[in-house]
**Student:** 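Take a look at the following structure, please.
Here is the naming used below: chain letters follow the sequence lines, and residue numbers restart at 1 for every chain. Atoms considered below: every heavy atom in the structure, side chains included; atoms not considered: hydrogens, waters and symmetry mates.
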Amino acid sequence: MTELLWYITAALAIGSGLGVVMLRMPLYSALSLVLHLFTMAAMFAFLDAHFLATTQIIVYAGAIMVLVIFVIMLLSLEGTEKRPSIFLIGIAGAAAFGLLYMMAPAIRRTFPMTGGSLQGDVGTIGKSLYTDYIFSFEIASLLIMVAIVGAVVLAKRIKKNAT
Amino acid sequence: MPLSNYILLSAVMFSIGAVGVMLRRNTIVVFMCIEIMLNAVNLSFVTFSKLHNDISGQVGVFFVMVVAAAEAAVGLAIMISVFRSILSVETTDSSELKL
Amino acid sequence: MIWFILIVKVLIVFQIALGLASVCVWVERKGSALIQDRIGANRAGAFFYTDNIFLKPVFIVVRLLGVLGVINTLLCDAVKALFKEDFVPKGTSNFIHSLAPFMGVFPVFLAFSLIPFAPDFVIAGITIRPQVASLNAGVLFIFAMASMAVYGATIAGWCGNNKFSLLGGLRSAAQMISYELALGISLVAMVVLYGTLDLYDMVVAQTKLVGGFLPAWGVFTQPVAFIIFFVAGMAETKRAPFDLPESESELVAGYFTEYSGMKFLLFWLGEFAEIALLAALMVLMFFGGWDIPYVTLPATWVGALIGHLVFMGKITFFCVLQIVIRWTLPRFRYDQLMHLGWKILLPLSMANLIVTAVLKLAF
């Protein structure tokens with residue numbers, strides 16, 4: 001039962017990923033990406049990483065994609081770009097498929113087992129984040145502050161004064 | 001569920017994202033394909049963390065999400081700023097240095 | 001057996017969610033009429049009469065319900081919405097127009113799956129917990145669903161293909177993401193206080209007595225967090241006094257301008273279910289859930305039933321409170337709304353969190 005659910009989720013993930021790449025209008029790509037982020041959160045939940053699954057929905061699907069959709073709506077983007085030639089699509093698709101075809105048996109040989117019993121709940125991640133990785137945590141908060149200031153400065157409209 | 005399935009899925013998603021970055025010309029769609037690639041890498045981080053029973057993989061994913069959020073904010077601000085000058089978000093329209 | 005229990009739980013929870021939403025719709029119509037000193041809906045079904053002696057009691061009940069406006073709100077409005085023409089404005093896609101009500105409604109019902117409705121009880125040797133999904137990251141999931149609720153309004157606003165709708169949608173999205181922060185941080189303060197993320201364990205932690213006589217309810221131990229949660233929750237559900245996105249031009253309905261019929265009813269139902277969800281969360285985290293102070297309930301199905309009724313009573317009180325607040329207070333201006341969200345509620349919730357964490361470490 002879990003296996004079937006996993007295959008359905010994986011198919012949805014690949015389908016929505018292809019949707020992002022192939023759909024014409026940017027708004028449809030954004031909604032397809034939201035679905036993809038949900039399926040990735042489900043994958044994290046399959047791997048018992050519950051905190052990361054909910055954080056993925058809160059941060060990625062709930063905040064970053066809202067921002068992208070805002071920008072698409074404010075700029076009123078339509079899907080007017082030219083479709084890339086079928087030749088380029090063929091080359092890219094064939095190269096990707098060929099590489100994956102060669103890699104797949106090697107991957108399957110290296111990871112046959114089902115892994116350990118790690119439960120990624122909030123307490124475990126919190127302990128590790130505040131003891132081993134405290135420096136990175138503080139730097140991350142500094143990075144976010146720099147990003148906020150940068151985004152406000154870049155998106156500000158510069159009024160040209162008469163004087 | 002053998003863990004190799006997760007790694008294969010991550011590889012497939014990464015290649016879909018890479019193909020998208022190379023082929024699409026709308027800057028926002030390119031940004032979204034970059035997010036697909038980041039998600040694929042997050043999935044493989046979490047898989048390895050489950051394999052080795054080490055929580056550091058998941059902490060790594062946390063930091064990747066933080067950086068992706070910061071990058072999204074700044075990247076979209078740049079796109080808005082460029083849109084004000086050239087009124088288009090296609091990558092081919094901003095290929096000259098003169099604005 | 002486990003599947004059977006799960007299916008029964010899902011059906012019961014869905015029934016409760018829809019039932020609470022319908023009751024809220026009725027209370028809104030009749031309650032608003034009472035507050036505004038008018039009568040409200042009382043015509044449909046109020047004049048049914050029969051000569052058949054066996055059907056007389058039934059018809060007395062139908063007449064009573066008609067006079068109270070129940071038949072009008074619950075039956076007539078639903079039938080009207082089902083039969084209305086469902087048109088999609090020209091120039092937008094059909095798919096997204098149909099997707100928007102779905103995205104407005106599904107986070108709310110998904111969040112209802114995390115609410116425990118009664119204490120644990122034992123039947124035939126099996127302990128049943130009346131909660132559809134007990135995740136160990138419980139409260140975080142509710143916060144994730146609050147983040148997803150932004151999409152319904154934003155996409156509905158875009159779909160209208162006119163500037164009023166778009167502005168309404170974007171304003172509502174900006175309001176919701178601003179108040180989500182204060183909501184989340186006050187939730188974190190509650191998590192620090194109770195030491196757990198699971199909603200059931202939070203209620204269990206409130207059944208103790210603090211100071212010997214006061215029940216350890218969240219509202220007594222964290223009054224600031226309660227006020228912030230209540231205000232931010234009302235802003236999240238876009239209810240007055242924060243309902244600028246809905247009634248923004250006072251004539252055109254903001255982001256639901258181009259919706260009619262069943263899709264509009266879906267949005268409306270989602271909004272009232274969100275009111276019920278907010279009431280349920282407040283009761284669970286701040287008012288002890290199903291706990292009656294100074295009384296311990298037995299762990300049988302009788303105790304669970306009593307607890308459930310107490311819980312429903314408290315939720316109904318908060319639903320009615322939100323509806324009364326909506327019809328009493330005037331609406332905020334947009335800059336006042338943003339000022340409240342970012343400059344007052346957010347620093348206050350962070351200060352509350354720091355004080356809670358310090359006090360928890362000290363004692």
Side-chain angles (χ1 to χ4, degrees), chain A residues 1 16 19 23-35 37-38 40-42 44-46 48-79 118-126 130 141 144 148 152, chain C residues 3 91-93 95-96 99-100 102-103 106-107 110-111 114 133-161 163 165-167 169-174 176-178 180-181 183-184 187-188 191-192 195-198 255:
Chain A
M1 183 68 195
S16 48
L23 283 169
R24 183 62 77 103
M25 291 185 60
L27 189 70
Y28 295 170
S29 296
L31 291 173
S32 189
L33 187 61
V34 172
L35 180 64
L37 293 168
F38 256 97
M40 279 293 140
F44 290 164
F46 274 116
D48 288 322
H50 304 292
F51 173 69
L52 279 179
T54 47
T55 307
Q56 166 104 342
I57 300 180
I58 296 175
V59 170
Y60 256 116
I64 296 181
M65 290 316 296
V66 169
L67 194 60
V68 170
I69 289 184
F70 248 68
V71 169
I72 292 177
M73 288 183 187
L74 277 174
L75 302 183
S76 305
L77 293 177
E78 304 291 325
L118 183 69
Q119 296 291 320
D121 55 341
V122 182
T124 322
I125 294 194
Y130 279 95
S141 68
I144 292 181
I148 291 176
V152 167
Chain C
W3 287 105
T92 59
S93 80
F95 176 65
I96 300 218
L99 187 68
F102 170 70
M103 291 194 85
F106 106 90
L110 213 55
L114 234 65
S134 62
L135 307 174
N136 56 3
V139 159
L140 269 186
F141 187 74
I142 303 247
F143 192 41
M145 291 298 117
S147 304
M148 289 306 297
V150 180
Y151 281 107
T154 314
I155 295 177
W158 181 79
C159 240
N161 211 15
K163 297 238 184 320
S165 248
L166 183 67
L167 267 181
L170 289 176
R171 272 192 190 181
S172 87
M176 288 171 92
I177 56 183
S178 313
E180 234 168 60
L181 286 169
L183 194 80
L187 274 180
V188 170
V191 166
V192 164
T196 171
L197 280 165
D198 191 13
Y255 66 90

**Student:** If you define the side chain from C-beta out and look only at heavy atoms, does anything of A/T54 sit under 4.5 Å from C/F143?
**Tutor:**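 They are not in contact (no side-chain heavy atoms under 4.5 Å apart), so the answer is no.
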
**Student:** Kindly state each residue pair satisfying side chain to side chain donor-acceptor pair (under 3.5 Å) with at least one member in residues 58-72 of chain A, sequence neighbours excluded.
**Tutor:**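 Every pair satisfying side chain to side chain donor-acceptor pair (under 3.5 Å) with a residue in residues 58-72 of chain A: A/Y60-B/E35.
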
**Student:** Tell me, for C/L197 versus chain A, whether the close heavy atoms (under 4.5 Å) come from the side chain, the backbone, both or neither.
**Tutor:**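 The side chain, not the backbone.
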
**Student:** Just give me the residue among C/L135, C/I155, C/I177 that pairs up with chain A most often, heavy atom to heavy atom, under 4.5 Å.
**Tutor:**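 Heavy-atom pairs under 4.5 Å are most numerous for C/I155.
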
**Student:** Taking all atoms of both residues into account, what is the closest heavy-atom pair of C/S147 and A/G62, and its distance?
**Tutor:**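 Heavy atoms of C/S147 and A/G62 come nearest at CB-CA, 3.8 Å.
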
**Student:** To the closest 0.5 Å, what do you measure between CE (C/M145) and CD1 (A/I58)?
**Tutor:**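 The CD1 atom of A/I58 is 9.0 Å from CE of C/M145, to the nearest 0.5 Å.
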
**Student:** For C/L166, which atoms come within 4.5 Å of any heavy atom of chain A: side chain, backbone, both, or neither?
**Tutor:**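 The side chain, not the backbone.
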
**Student:** As an exercise: rank C/L99, C/L170, C/T154, C/V150 by heavy-atom pairs under 4.5 Å with chain A and give me the winner.
**Tutor:**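 It is C/L170.
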
**Student:** With chain C as the partner, which of A/T55, A/V59, A/I69, A/L27 has the greatest number of non-hydrogen pairs under 4.5 Å?
**Tutor:**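 Most pairs with chain C among the choices: A/L27.
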
**Student:** When you look at C/V191 and A/V122, which way does the side-chain contact (heavy atoms from CB on, under 4.5 Å) test go after all the steps?
**Tutor:** CA-CA 11 Å; C/V191 166; A/V122 182; over 6 Å; no

**Student:** Looking only at heavy atoms and a cut-off of under 4.5 Å, which of C/A137, C/A146, C/S93 has the most pairs with chain A?
**Tutor:**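 Sorted descending by pairs with chain A, the first entry is C/S93.
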
**Student:** At a heavy-atom separation under 4.5 Å, does A/V66 approach chain C through its side chain, its backbone, both, or neither?
**Tutor:**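 Contact with chain C: backbone and side chain both.
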
**Student:** Against chain C, label A/V34 side chain, backbone, both or neither, depending on which of its atoms sit under 4.5 Å from a heavy atom there.
**Tutor:**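 Side chain of A/V34 only, per the 4.5 Å heavy-atom cut-off to chain C.
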
**Student:** May I ask you to test the A/M65-C/Y151 pair for a side-chain heavy-atom distance under 4.5 Å?
**Tutor:**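 In contact.
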
**Student:** Do you know which two heavy atoms are closest between A/F70 and C/A173, and how far apart they sit?
**Tutor:**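 Minimum heavy-atom separation between A/F70 and C/A173: CE1-CB, 3.4 Å.
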
